[in-house]
There are 4 protein chains.
Amino acid sequence: MQDGRTPAPARGRPRDTGRDIAILEATLLVLTEVGCDQLTIDAVAARAGVGKPTVYRRYPGKAALVAAAAEHRAPRTPPATPSGDLRAALLTTVQWLAGQIAEQEIGLLGALFTGMRNDPGLAAEMRRILRRDEAAMTEEPFRGVIESGERLVPGAAALFAEIAPAVIVHRLNFAGLPCDRPFLEHLVDDVLLPLLRRR
Amino acid sequence: MQDGRTPAPARGRPRDTGRDIAILEATLLVLTEVGCDQLTIDAVAARAGVGKPTVYRRYPGKAALVAAAAEHRAPRTPPATPSGDLRAALLTTVQWLAGQIAEQEIGLLGALFTGMRNDPGLAAEMRRILRRDEAAMTEEPFRGVIESGERLVPGAAALFAEIAPAVIVHRLNFAGLPCDRPFLEHLVDDVLLPLLRRR
Amino acid sequence: MQDGRTPAPARGRPRDTGRDIAILEATLLVLTEVGCDQLTIDAVAARAGVGKPTVYRRYPGKAALVAAAAEHRAPRTPPATPSGDLRAALLTTVQWLAGQIAEQEIGLLGALFTGMRNDPGLAAEMRRILRRDEAAMTEEPFRGVIESGERLVPGAAALFAEIAPAVIVHRLNFAGLPCDRPFLEHLVDDVLLPLLRRR
Amino acid sequence: MQDGRTPAPARGRPRDTGRDIAILEATLLVLTEVGCDQLTIDAVAARAGVGKPTVYRRYPGKAALVAAAAEHRAPRTPPATPSGDLRAALLTTVQWLAGQIAEQEIGLLGALFTGMRNDPGLAAEMRRILRRDEAAMTEEPFRGVIESGERLVPGAAALFAEIAPAVIVHRLNFAGLPCDRPFLEHLVDDVLLPLLRRR
DNA sequence: AAATAACCGAGACGGTACGTCAAGTCTTGAG
DNA sequence: CTCAAGACTTGACGTACCGTCTCGGTTATTT
């Protein structure tokens, strides 16, 4: 410890960037295999072919690791929606949304609950990630609609982002029911369209 | 599937009912003190004045114990709502609902995610408990309204039960924002009332 | 209460003698199967088809139970020995003795060590049993010899009882070698005969 | 594979030798305090100032731990014996031998019986230790005697090693009697000297 | 014949130790 | 200064057995 001024003069051996990626992808693999609370740092390190301290040098604990893995996922871009047909656009979006949540978020939710109580900063970070994803996925269906002259209530996109993910997550995790086509049509026809369309 | 005969001949020393209660109440105590994932069976046993095997004889693990403790809580009855005023009734109910979720469900959610992956039966059990509570709390606000002549869409209660808890849980846990008065008024005025009132 | 003279008026139901035997034989079985320290009261009770308190009503613990089981064994009578031939008599006896120790005592020795330190009374009891057995087995070879005119040192039987079992046990348990024919002949020819014969 | 001679490339952090010693000495301490079957791994770990897994990383169980502790003892060298006087030499040696067995082997015998059934390799190991000690202690008394011209039977040392420890152990553990001076003189005068002296 | 008292199987109980597992830190030797 | 490997402390895990007790029920003697 002889010099504190230089921000990062890269003294000694620099970190291997390949390890960063290997760790994150190993985390995602283990996460989907055994779930979040069964995930162990040892397993991640072994899967990534790195030592345990190499993981701890990057992340302070399991929660931060899972958060970083969530961040690392390929950015999820919602499918293009047909302009002019609000119902079809909403249906396409919620269908894709339900698939994403069902497939990928399952392990993440546990990590979120686990880590949030012990580390508020981490909680904020994970919320930021989730919000970014939701924002991306809720802009799409209204892009073409506005041009088409369909009349929507003010703040329709925000309302959609507030309700659609909530109802889908709640159905999957608390009701334990699948988000199949009939349910998604019910969601669009009985909830979203009545709410978002200008009355 | 009912059996007309005695379900169990009650061989051997019967379990001490006092211990059942002591264990469950100790669980609730520890749960609220340290949270769900920090809860240890040893702590529960010590708090209940009971040996560890006495806990394990009743529940196979932490998740089942927390589930049983949730079941054991005094049944939560929503407050009476003013007849005739749908908006006031909804506001009263969502306010109480938000309070319940914020205060009590905190530990349960973690347990739910913890146990769901390993034991589908346990997951079903916890969902049953949550649904029972939600059912009780969504019947109330529509009791007096129907008589009052206010016109509601068909299946209004089910729609309320589908949306209100979902949005509240999502806001608390994923957005990390409090369910304060302005939010609840927004929920009632901008989401629930437009949806439930006959258009 | 009209008669106080009988030491045990046997009020109430008397103990089932069949259980006594079942317990002891189950003890011997378990003892030879898993050894002494792996023996559990539960296993003995289960094997005997009785409840645990039925065992504890008779014996205060594992050590006493094993001691009683040792006592219960069929009294071991050494084989008849040829009169007049001291060497043959000794060889016959040590051969039988080695067989007894190798087959039966293995589990008992552990019990002896286990129980002796905690309960001096039990230790005395077990020593009494062992001594009784040894006494019986060391009288035989000298019965016919005395009449035959062969000259022995005074206290030959005691000397035999002091040395022969000691050397056999030591070889089996500490050296871990079998007491085969060559060893036994060595024991007789190089140790016992030179010692016992009047010089 | 460039070097076949190094037995282990010593990857990772090597074991702390200080812990090895601390564990063994703590084992000996606990052993002499509470005996062998009352010895618990937790107690040893606590006494050594060491975590339980640190003990289990080195030894698979209680028996192996006790065996290693026996091995670790300072090598026990018998006292020097007077040359030329066989009786005095034998008496000195058996006296010391009886003291050693009475004081130190107490815990070991239990461990031996405990571990022998489950792990034949361990049993062999303990026998090796015991034999090594016995070998050391039986060489001494005959060192000076041979020069002195006293005539001994061939294989006198082996005979001594075969009989003396056996009789002493048997008296201590099975007869439950102390190895006091009269007994030791009896052992030397009535057993050892008649056997070992050339007739 | 009825009452009494000890017996019985089963098994719950508090307790103690077991042996395992994971978390997060520290230490080595190599690069 | 980083890396892989792995030893380290800590602490909870879930299990096994201990010896005791409590239950419902049985069996003999005593009244």
Side-chain angles (χ1 to χ4, degrees), chain A residues 1 8-16 19 37-43 45-46 48-62, chain B residues 9-20 38-43 45-46 48-62, chain C residues 1-3 8-16 18-19 37-43 45-46 48-62, chain D residues 9-19 38-43 45 49-62:
Chain A
M1 215 96 57
R11 307 234 310 164
R13 176 176 174 179
R15 283 193 187 164
D16 187 343
R19 258 88 179 180
D37 49 293
Q38 305 291 352
L39 174 143
T40 68
I41 303 283
D42 296 72
V50 305
K52 228 186 337 171
T54 302
V55 178
Y56 277 107
R57 207 172 290 123
R58 290 163 166 78
Y59 310 102
K62 186 196 294 189
Chain B
R11 304 240 298 171
R13 174 179 177 175
R15 288 193 184 157
D16 188 340
T17 319
R19 260 89 181 195
D20 291 313
Q38 305 291 352
L39 174 142
T40 69
I41 304 282
D42 297 73
V50 144
K52 220 185 342 171
T54 301
V55 179
Y56 279 109
R57 204 172 291 121
R58 290 164 165 77
Y59 310 102
K62 187 192 294 188
Chain C
M1 192 150 354
Q2 55 223 44
D3 190 356
R11 307 238 310 165
R13 172 181 178 178
R15 286 192 187 157
D16 187 340
R19 259 91 181 186
D37 50 290
Q38 305 292 351
L39 174 142
T40 68
I41 304 283
D42 297 72
V50 305
K52 233 192 321 178
T54 302
V55 178
Y56 278 106
R57 207 172 288 123
R58 288 161 167 78
Y59 309 103
K62 186 194 294 187
Chain D
R11 305 242 298 172
R13 175 180 177 176
R15 288 193 184 156
D16 188 340
T17 319
R19 259 98 179 183
Q38 305 292 350
L39 174 142
T40 68
I41 303 282
D42 297 73
V50 145
K52 226 187 333 174
T54 301
V55 178
Y56 278 107
R57 201 173 294 119
R58 288 163 167 77
Y59 310 102
K62 188 192 294 187

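Side chains included, hydrogens not; waters and symmetry mates left out as well; all remaining heavy atoms used.
Residue order along DNA chain F, read from the 5' end via each residue's closest nucleotide, puts A/Gly51 first among A/Gly51 and C/Ala43. Residue whose closest nucleotide on DNA chain E sits further toward the 5' end, between D/Gly61 and A/Gly61: D/Gly61. Of the two residues contacting DNA chain E, namely D/Ile41 and C/Arg58, the nearest-nucleotide position lying further toward the 5' end is that of C/Arg58.
With rounding to whole Å, C/Tyr59 atom OH is found 16 Å from F/dT20 atom P. When rounded to the nearest whole Å, the span between CD of B/Gln38 and C1' of E/dA23 equals 12 Å. Distance, D/Asp42 CG to F/dA16 C1': 15 Å, rounded to whole Å. We find that CZ of C/Arg15 is positioned 17 Å from C1' of F/dT29, with the value rounded to whole Å. Between the P atom of E/dC13 and the OH atom of B/Tyr56 lies a distance of 16 Å, rounded to the nearest Å. Straight-line distance from the CG atom of A/Leu39 to the C1' atom of E/dA22: 11 Å, rounded to whole Å.
Residues C/Lys52 and C/Ile41 share a closest heavy-atom pair of CG-CG2, 4.0 Å.
When atom types are taken as modelled, the side chain of B/Lys62 and the backbone of B/Thr40 share no donor-acceptor pair closer than 3.5 angstrom.
When the side-chain contact (heavy atoms from CB on, under 4.5 Å) test is applied to C/Asp16, the partners found at least two apart in sequence or on another chain are C/Arg19.
Nucleic acid contact class of D/Gly49 (heavy atoms, under 4.0 Å, all strands): sugar-phosphate only.
Electrostatic pairing of B/Arg15 and B/Asp20 does not count as a salt bridge here, judged by no charged N lying under 4.0 Å from a carboxylate O.
Five base pairs at each end of the helix from E/dA1-F/dT31 to E/dG31-F/dC1 define two local axes, and these are offset by 20° (rounded to 10°).
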Scan nucleotides 21-23 of chain F against the protein and return all N/O pairs shorter than 3.5 Å with their distances rounded to 0.1 Å.
from: F/dC21; atom 1: O2; to: B/Arg13; atom 2: NH1; distance (Å): 2.9

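Under 4.0 angstrom from either OP1 or OP2 of F/dA4 there lies at least one side-chain N or O belonging to A/Thr54.
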